[in-house]
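Counting begins at 1 with the first residue of the sequence.
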Amino acid sequence: MLRLLTILTFILTLKRMTSAYGPMVTTIHKYHPFIPLTTIISSGKSPHHPTVKKFCVMLGGLSDAHLPMPYNVPLAESLAGVGFSFCNPVLRSAGLQFGWGSLEEDVEDLRHLIGFLEKEYGAEEVVLLGHSTGCQQCVKFLEGKVGIVKGAILQGPVSDRETDEDNGEWVKLSERMVGEGNGEEFLPRKAFWAPITARRFWQLYGERAGGDDYFSSDFTEEETAKRLGHLKGCGAWVTAVYSRQDQYCPERIDKEKLLASWEAVGIETKLIDGDHNLSTGSAEFLDIVRAKLSSEKSEEDALRYDLAVAHAMCHEYGMDELVWNHISARYASGWLITPGKMHWDEIGPKDIMMASDNVTADIIHSAVYKAREDVNAIVHLHTKNAVAVGCLERGFEALTQDGSYFYEKIATHEWEGVSDDPSEGPRIGQAVMKVPNCNILMMPNHGFCTFGSSVKEAFIQAFYFEKACETLMMCLSTGKEIKWAKEDVMKKSASQNYNDMFRPGTHEWDALCRLYERKYVYK
């Protein structure tokens with residue numbers, strides 16, 4: 001019987017669920033292996049499409065269950081428009097069961113849900129969307145491993161402790177009962193509008209900077225960091241959307257000051273017109289959701305993001321040089337490029353410029369782009385090992401598998417001093433054109449440029465070139481006889497490097513983007 005319950009899945013396809021906040025065409029599943037908890041999955045006017053691998057998980061507030069919000073249907077339709085399906089589970093704390101539930105149980109249920117989505121639907125990405133107490137569930141979840149959860153949207157993240165400040169008698173009683181070890185006993189029925197244990201009441205309304213208390217306006221900086229500071233490095237983005245007319249936010253609270261305290265710990269915030277559950281104001285909220293979840297970045301936005309990642313990764317691996325050097329990507333009739341005068345770990349997508357204030361950058365990058373129409377990105381660096389190799393009379397020699405990326409693919413332009421003379425540009429272009437299909441320009445006694453069809457390809461080549469130069473310098477420094485690779489093997493490796501499986505950036509870039517999100521965006 002237990003095995004039957006474990007594998008049992010209820011699928012009611014095209015079942016029309018009628019509610020004040022519907023109707024909606026849904027599929028219903030039992031997602032928990034042991035407990036009869038269900039989730040609905042929908043695209044609004046149509047059921048979930050099996051090719052969709054992204055899910056937005058809607059989590060309601062106290063006493064909510066399926067279809068908790070007045071914007072359910074337009075949300076599902078908006079999600080479908082950006083490649084997501086709407087997913088709305090019932091947790092153990094749904095309905096009036098919140099009175100004896102806990103955030104820990106909610107998180108456990110969520111992990112079962114996400115596991116179900118991965119197994120049954122091949123889910124690749126999940127975004128949590130919490131309303132009211134659902135926001136606490138999101139924040140609590142992000143204290144642990146995020147897995148395929150890429151972000152969380154907090155709609156109406158109010159403080160229960162500040163919402164009801166006329167319950168002092170019951171707060172004191174619940175505190176005393178918890179202290180006496182009777183936290184799982186229920187408070188008197190007149191204490192609250194739903195049956196509730198002393199422990200749960202204390203977590204919601206009494207325990208400052210503990211329990212469910214994540215969003216209070218009277219927190220010190222230390223308390224805010226204690227409750228929300230983990231979000232910076234959790235590996236998922238977080239956006240909080242607060243309503244100006246939220247009836248559960250006391251009028252005395254300075255909303256803008258409150259949101260500023262959240263921004264300080266890495267939460268993106270939005271203040272919009274509307275009430276607590278957005279029975280008014282949902283249109284602006286849905287615009288925010290669509291913009292945040294849209295998988296279709298504009299070409300410029302995508303290039304800016306990739307360039308920001310490349311700059312950060314140069315810093316991460318010790319390849320930058322204070323505020324100098326430059327990375328660019330061809331765009332429109334020009335190129336996007338390093339802003340200059342900024343340390344590379346602080347350069348974000350918005351900082352990338354359409355034109356450089358560095359004449360050297362303009363001369364070098366324009367020359368390569370003119371010479372090679374197939375080049376869409378250039379990385380120019382002065383890394384220590386590559387510069388050292390450039391000071392050797394024989395220059396770079398492919399010694400390793402990493403070095404085979406550049407076997408017979410290196411052009412050379414001799415150093416002419418600081419590149420501030422436009423007449424040098426044509427000579428750089430000529431050097432590049434002398435070596436068909438070259439992917440690197442050595443600039444002896446100066447630095448080097450790698451270039452490729454994309455930012456990721458150009459950066460990954462720069463990474464491997466510096467690594468290959470480091471290995472070469474280490475071997476030369478031993479003074480021992482070097483074991484050179486056989487020429488036929490080196491040629492074979494070089495030919496393999498640019499097939500679909502091994503092309504630079506094919507496998508590495510997504511991991512580097514995740515590192516960027518964890519360490520640089522949310523630091």
Would L37 and L91 count as a side chain to side chain contact (heavy atoms under 4.5 Å, CB included) here? Give the steps. CA-CA 6 Å; L37 299 177; L91 309 180; 5.5 Å; no
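- For K140, the NZ atom is densely surrounded, since the number of other residues' heavy atoms within 6.0 Å is greater than 12.
- Here the shortest heavy-atom pairing between P89 and L59 reads CG-CD2, 3.9 Å.
- A cation-pi arrangement is present between R111 and F141 under the rule of less than 6.0 angstrom and at most 45 degrees off the ring axis.
- The backbone N or O of E185 lies less than 3.5 Å from no partner atom in the side chain of T197, so there is not a single donor-acceptor pair.
- Judged by distance alone, the side chains of D160 and Q203 never bring a donor and an acceptor atom under 3.5 Å apart.
- Under 4.0 Å is where a charged nitrogen must lie from a carboxylate oxygen, and between E184 and R199 at least one such pair does.
- Neither side chain, E105 nor S93, offers a donor N or O lying under 3.5 Å from an acceptor on the other.
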Stepwise, does the salt bridge (charged side-chain N to carboxylate O under 4.0 Å, His left out) test hold for D213 with R208? CA-CA 6 Å; D213 194 22; R208 179 187 174 105; over 6 Å; no
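- With ring centers used as reference points, W170 lies 6.0 Å or more from F186.
- Contact record, A462 with T450: CB-OG1, 3.5 Å, taken as the closest heavy-atom pair.
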Under the criterion salt bridge (charged side-chain N to carboxylate O under 4.0 Å, His left out), I'd like the reasoning laid out for R304 against D301: C-alpha separation, chi angles, the key distance, then a yes or no. CA-CA 5 Å; R304 286 178 175 276; D301 287 343; 5.4 Å; no
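- Remark: side-chain polar atoms of D275 are paired, donor with acceptor, to backbone N or O of L278 under 3.5 angstrom.
- In terms of heavy-atom proximity, A65 sits nearest to V90 at CB-CG2, 4.2 Å.
- In this structure, the side chains of T239 and L154 stay at 4.5 Å or more apart for every pair of heavy atoms.
- Aromatic pair Y71/H131: centroids not less than 6.0 angstrom apart.
- Side chains of L117 and Y31 form no contact here, defined as non-hydrogen atoms less than 4.5 Å apart.
- Residues L271 and L259 have side chains in contact (heavy-atom distance under 4.5 Å, counting atoms from C-beta outward).
- Side chains of Y248 and S132 form no contact here, defined as non-hydrogen atoms less than 4.5 Å apart.
- Taking the six-membered ring for Trp and thresholds of 30 and 60 degrees, F98 and F192 have ring planes more than 60 degrees apart, a perpendicular arrangement.
- Using modelled atom types, no side-chain atom of S216 and backbone atom of F219 make a donor-acceptor pair closer than 3.5 Å.
- Expressed to the nearest 0.5 Å, how far CZ of R227 lies from CG of L231 amounts to 10.5 Å.
- With hydrogens and angles disregarded, a donor-acceptor distance shorter than 3.5 Å links the side chain of N376 to the backbone of S453.
- The minimum heavy-atom distance between L258 and S217, with the atom names listed, is CD1-CA, 3.7 Å.
- Once rounded to the nearest 0.5 Å, the distance linking CH2 of W262 with OG1 of T224 reads 9.5 Å.
- R290 contributes no side-chain N or O that, together with a main-chain N or O of G81, makes up a donor-acceptor pair within less than 3.5 Å.
- N385 and E466 form a side-chain donor-acceptor contact under 3.5 Å, judged by distance and modelled atom types alone.
- A donor-acceptor contact shorter than 3.5 Å is absent between the side chain of K270 and the backbone of I272.
- The side chain to side chain contact (heavy atoms under 4.5 Å, CB included) test with I352 is passed by exactly one of I337, L307, D306: L307.
- Remark: K292 engages E268 in a salt bridge, criterion side-chain N to carboxylate O under 4.0 Å.
- No side-chain heavy atom of K53 sits under 4.5 Å from any side-chain heavy atom of E125.
- The aromatic rings of H29 and Y121 sit perpendicular to each other, their planes meeting at more than 60°, with 30° as the lower class boundary.
- At a threshold of 4.5 Å between non-hydrogen side-chain atoms, the residues V127 and L293 count as touching.
- Taking the six-membered ring for Trp and the full ring otherwise, H311 and W344 have centroids separated by under 6.0 Å.
- T26 contributes no side-chain N or O that, together with a main-chain N or O of I41, makes up a donor-acceptor pair within less than 3.5 Å.
- Of all heavy-atom pairs spanning C138 and A152, the tightest one is CB-CB, 4.3 Å.
- For Y305 and Y516, the distance between ring centers is under 6.0 angstrom.
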Dump the intermediate steps for side chain to side chain contact (heavy atoms under 4.5 Å, CB included) on L173 and R176, then the final yes or no. CA-CA 5 Å; L173 176 59; R176 186 173 76 247; 3.0 Å; yes
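- A cation-pi contact, defined as under 6.0 Å to the ring centre and within 45° of the axis, is absent between R161 and Y205.
- S63 places no side-chain N or O within donor-acceptor distance of the main-chain N or O of L96, the cut-off being under 3.5 Å.
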D212/R200 under salt bridge (charged side-chain N to carboxylate O under 4.0 Å, His left out): CA gap, chis, key distance, verdict: CA-CA 9 Å; D212 282 52; R200 192 73 183 108; 2.8 Å; yes
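- Counting only heavy atoms from C-beta outward, the side chains of L128 and Q137 never approach each other to under 4.5 Å.
- For E143, the CD atom sits in a packed shell: over 12 heavy atoms of surrounding residues, nucleotides or ligands are nearer than 6.0 Å.
- Here the closest heavy-atom approach between residue C249 and residue K255 is recorded as SG-CE, 3.9 Å.
- Not one N or O on the side chain of E180 forms a donor-acceptor pair closer than 3.5 Å with the backbone of M177.
- Q155 places no side-chain N or O within 3.5 Å of a backbone atom of Y242 that could act as its donor or acceptor partner.
- You'll find the side chain of F86 stays beyond 4.5 Å of the side chain of C56, heavy atoms only.
- More than 12 heavy atoms of other residues, nucleotides or ligands shown are found within 6.0 angstrom of CD on Q247.
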